[in-house]
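Everything below concerns the one structure shown next.
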Amino acid sequence: MKNYDVLIIGSGLAGMSLALRLAETQKVALLTKHELLDAASAWAQGGIAAVLSDDDSAENHIRDTHVAGAGLCKDEAVRFVVEHGREAVEWLVDQGVPFTRDDENHAELHLTREGGHSHRRIVHAADATGRAVQKTLVSQLKSHPNIEVLEHHIAVDLITSKRLGRTTESPETAKNRCYGAYALNNKTGRVHTVAAKFTALATGGAGKVYLYTTNPDVATGDGVAMGWRAGCRVANMEFMQFHPTCLYHPAAKSYLITEAVRGEGGLLKLPDPNNKSKPGERFMPAHDERAELAPRDIVARAIDYEMKKRGIDFVYLDISHKPAKFLKSHFPNIYEKCLTLGIDITKDAIPIVPAAHYTCGGLVTDLRGRTDVEQLYAIGEVSCTGLHGANRLASNSLLECLVFSEAVMNDIQAAPAVDCPPLPAWDESRVTNADEEIIISHNWDELRRFMWDYVGIVRTDKRLERAMHRINLLKEEIHDYYANFRVTNDLIEMRNLLQTAELIVRCAVERKESRGLHYSADYPMMLDVAMDTVLVP
């Protein structure tokens, strides 16, 4: 058994920043499924939203967040995050993150604008902000004496007092406490008991539940599924954000084209009906008065509508009218990536499609990152803090990671001393090695395809019913498999994906309206009163 003060599961910006903040006073374990730069944070191209210019204000940022969130944002959460924006960015600057500076005044950070924002307030490192931030923090993490990085480890499940049956209190007053997690070492195949006084889930989202996603392969809903099984409430999982502009190319593997391309003047166009290899007419002005600068859900739905209406596989994003020097300096990674595929963005339009991008719902937390289970926190995309509501405003996600990592640090440091009791080892005495692993890959493929078809950008009651029927059948198969065979990385992820898919569908069934990212053809109107969808284990 490994013992720590704090166990952090997940190595995106939320997990890394929390580890660095805590390591001055705590012994920390940072557990990651693959390697430190494999998290979705490293893929974030856009940037971090914060009020940094004199012509902007916190009230403007708060208003923009509420508008995007379609009435479901909690004002106290929005204000908490926005009002801590400047210090979050300053913390990263102090860590040495190489943000892009203003062309005229290099002492100032360059601010760009993205869809849904009324002002320029996005700090960025060219068009690869997430990777720049992650690379800066990785070197500090690996050299810190109080941080042990457990790479190639995947958490199997959380260890709680309820799971162990170790409460001496009455059922009415008993509190369910988290004592750490069981974790599979993917190098050795052994499951370890990782004990901790406090545990933080920073596992990111669940984009891999869909066939097309901008997320890395590790985004399999692990934290949401583990938290749910441990006894945490889950909210608003129906609000899955589909990024409107994902590069459409067989060799691209869902390469994201940042929101900032539209923010800097990129135009969405239909393929020319006479020559589909060329862009034709714009279509966004017909869908929203903000055109290309409308929030992501509106843009994604407009693209989906045009594709289905016209029977086309993609639309174009065209920014070739901007100076070549500007494009190469502001979007160097996108320029180089597209060029390797034969697309010169200084001359050519970029073929794009929508793809699953961000999970707005998650484990319910308060403003200190605390879940319903004692000594268990959730930060970043795995959580539902009330910030995003029914639709995340662009570049608010990395900001949320930073603000809540500080909040969790403060809560842990102020908490009374707790002890972690002796914990049992993982028991695999009654299981064997799997006889056939084809069931995992087959079910994985089936799940992602029917979730895309039935629980995608536009939903109906009938589609949701079909999806739930298939989920229930697959859950029976995977439960039987899990009970009889030794755990593997693929089995753990498949189990978590199925649980997350069920929660998405259950939340979608509960919402009898169209709001934000959830659009139902059966209930196209938005109700007068905005209500969260909260599921209780």
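Counting begins at 1 with the first residue of the sequence. Side-chain atoms are counted along with the backbone in the values below, which use heavy atoms only and exclude waters and symmetry mates. If you're wondering where the values come from, they're calculated on a predicted model, not measured in any experiment.
- For Asp64 and Arg121, the salt-bridge test passes: some basic side-chain N is under 4.0 Å from an acidic carboxylate O.
- Using a 4.0 Å cut-off between charged nitrogen and carboxylate oxygen, Arg466 and Asp453 do not count as a salt-bridge pair.
- A salt bridge links Arg282 with Glu292: the closest approach of a Lys/Arg side-chain nitrogen to an acidic carboxylate oxygen falls below 4.0 angstrom.
- Judged by distance alone, with hydrogens and angles left aside, the side-chain atoms of Thr359 form no donor-acceptor pair with the main-chain N or O of Gly361 at under 3.5 Å.
- Pairing each heavy atom of Ala88 with each of Leu402, the nearest pair is CB-CB, 3.8 Å.
- Within the 3.5 Å criterion, the main-chain N or O of Phe239 finds no donor-acceptor partner in the side chain of Asn236.
- Taking the centre and axis of the six-membered ring of Tyr255, the NZ or CZ atom of Lys337 falls inside the cone set by 45° and 6.0 Å.
- Using a distance-only test at 3.5 Å, with no hydrogens or angles considered, no donor-acceptor pair links the side chain of His61 to the main chain of Gly85.
- More than 12 heavy atoms of other shown residues, nucleotides or ligands fall within 6.0 angstrom of atom NZ in Lys269.
- A cation-pi arrangement is found for Lys322 relative to Phe326, the charged atom lying closer than 6.0 Å to the ring centre and inside a 45° cone about the ring normal.
- Listed here is the closest heavy atom pair of Ile471 and Met451: CD1-SD, 4.4 Å.
- Atom-to-atom distance recorded for Thr65:OG1 and Arg79:CZ is 10.5 Å, nearest 0.5 angstrom.
- Side-chain atoms of Thr213 come within 3.5 Å of backbone atoms of Ala356 as a donor-acceptor pair (strictly under, hydrogens ignored).
- Between Lys278 and Asp348, none of the side-chain N atoms (NZ, or NE/NH1/NH2) sits under 4.0 Å from a carboxylate O, so this pair counts as no salt bridge.
- Using modelled atom types and a 3.5 Å distance limit, the side chains of His388 and Gln241 yield no donor-acceptor pair.
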Could you go through Met494 and Asn443, starting from their C-alpha distance and side-chain angles, then the distance that decides it, and tell me whether this counts as side chain to side chain contact (heavy atoms under 4.5 Å, CB included)? CA-CA 8 Å; Met494 184 69 225; Asn443 288 358; 4.0 Å; yes
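- Counting heavy atoms from C-beta outward, Leu13 and Val133 have side chains that approach closer than 4.5 Å.
- Taking all atoms of both residues into account, the shortest heavy-atom contact from Leu387 to Cys73 is O-SG, 3.2 Å.
- Remark: Arg448 is not positioned above the aromatic ring of Tyr210, lacking an NZ or CZ atom under 6.0 angstrom from the ring centre and at most 45 degrees off the axis.
- Just one of His117, Glu114, Arg113 meets the side-chain hydrogen bond (donor to acceptor under 3.5 Å, both in side chains) condition when paired with Ser395; it is Glu114.
- Between Val373 and Cys178 there is a side-chain heavy-atom pair separated by less than 4.5 Å.
- Taking the six-membered ring for Trp and the full ring otherwise, Phe331 and Tyr335 have centroids separated by 6.0 Å or more.
- Inter-residue side-chain proximity for Ile504 and Val209 is flagged as met; some heavy-atom pair is nearer than 4.5 Å.
- To the nearest 0.5 Å, atoms OG1 (Thr203) and CD1 (Ile8) are separated by 12.5 Å.
- Pairing each heavy atom of Tyr519 with each of Ile457, the nearest pair is CB-O, 3.8 Å.
- In this structure, the side chains of Asp318 and Ile350 stay at 4.5 Å or more apart for every pair of heavy atoms.
- Within 6.0 Å of CD in Glu446 there are more than 12 heavy atoms belonging to other residues, nucleotides or ligands.
- With a 6.0 Å cutoff to the six-membered ring centre and a 45° limit on the axis angle, Arg392 counts as a cation-pi contact of Tyr358.
- Side-chain atoms of Asp56 never come within 3.5 Å of backbone atoms of His119 as a donor-acceptor pair (strictly under, hydrogens ignored).
- Of the candidates Arg495, Arg229, Arg470, Lys475, Lys475 is the only one forming a salt bridge (Lys or Arg N to Asp or Glu O under 4.0 Å) with Glu502.
- Between atom CH2 of residue Trp228 and atom CG of residue Leu158 there is a gap of 14.5 Å, rounded to the nearest 0.5 Å.
- Checked by atom type and distance alone, the side chain of Lys162 never pairs as donor or acceptor with a backbone atom of Asn176 at under 3.5 Å.
- The neighbour count for Arg310 CZ, taken as heavy atoms of other residues, nucleotides or ligands under 6.0 Å away, is above 12.
- Using cut-offs of 30° and 60° for the angle between ring planes, the Phe80 and His84 rings count as tilted.
- Surrounding CG of Asp528 are at most 12 heavy atoms belonging to other residues, nucleotides or ligands under 6.0 Å away.
- For the pair Lys308 and Asp304, the salt-bridge criterion is met [side-chain N within less than 4.0 Å of a carboxylate O].
- Within the 3.5 Å criterion, the main-chain N or O of Gly207 finds a donor-acceptor partner in the side chain of Asn215.
- Phe450 and Leu474 get closest at one heavy-atom pair: CE2-CD1, 3.8 Å.
- Atom CD1 of Ile352 is separated from atom NE2 of His249 by 15.0 Å, given to the nearest 0.5 angstrom.
- Using a 4.0 Å cut-off between charged nitrogen and carboxylate oxygen, Glu513 and Arg515 count as a salt-bridge pair.
- Looking at Arg262, its side chain never comes within 3.5 Å of a backbone N or O of Ala291 through a donor-acceptor pair.
- Counting only heavy atoms from C-beta outward, the side chains of Ile343 and Pro351 approach each other to under 4.5 Å.
- Residues Arg459 and Asp522 are not paired through a salt bridge, judged by the lack of any N-O separation under 4.0 Å between the basic side chain and the carboxylate.
- Contact annotation: the side chain of Thr258 never approaches that of His124 to less than 4.5 Å [non-hydrogen atoms, C-beta and beyond].
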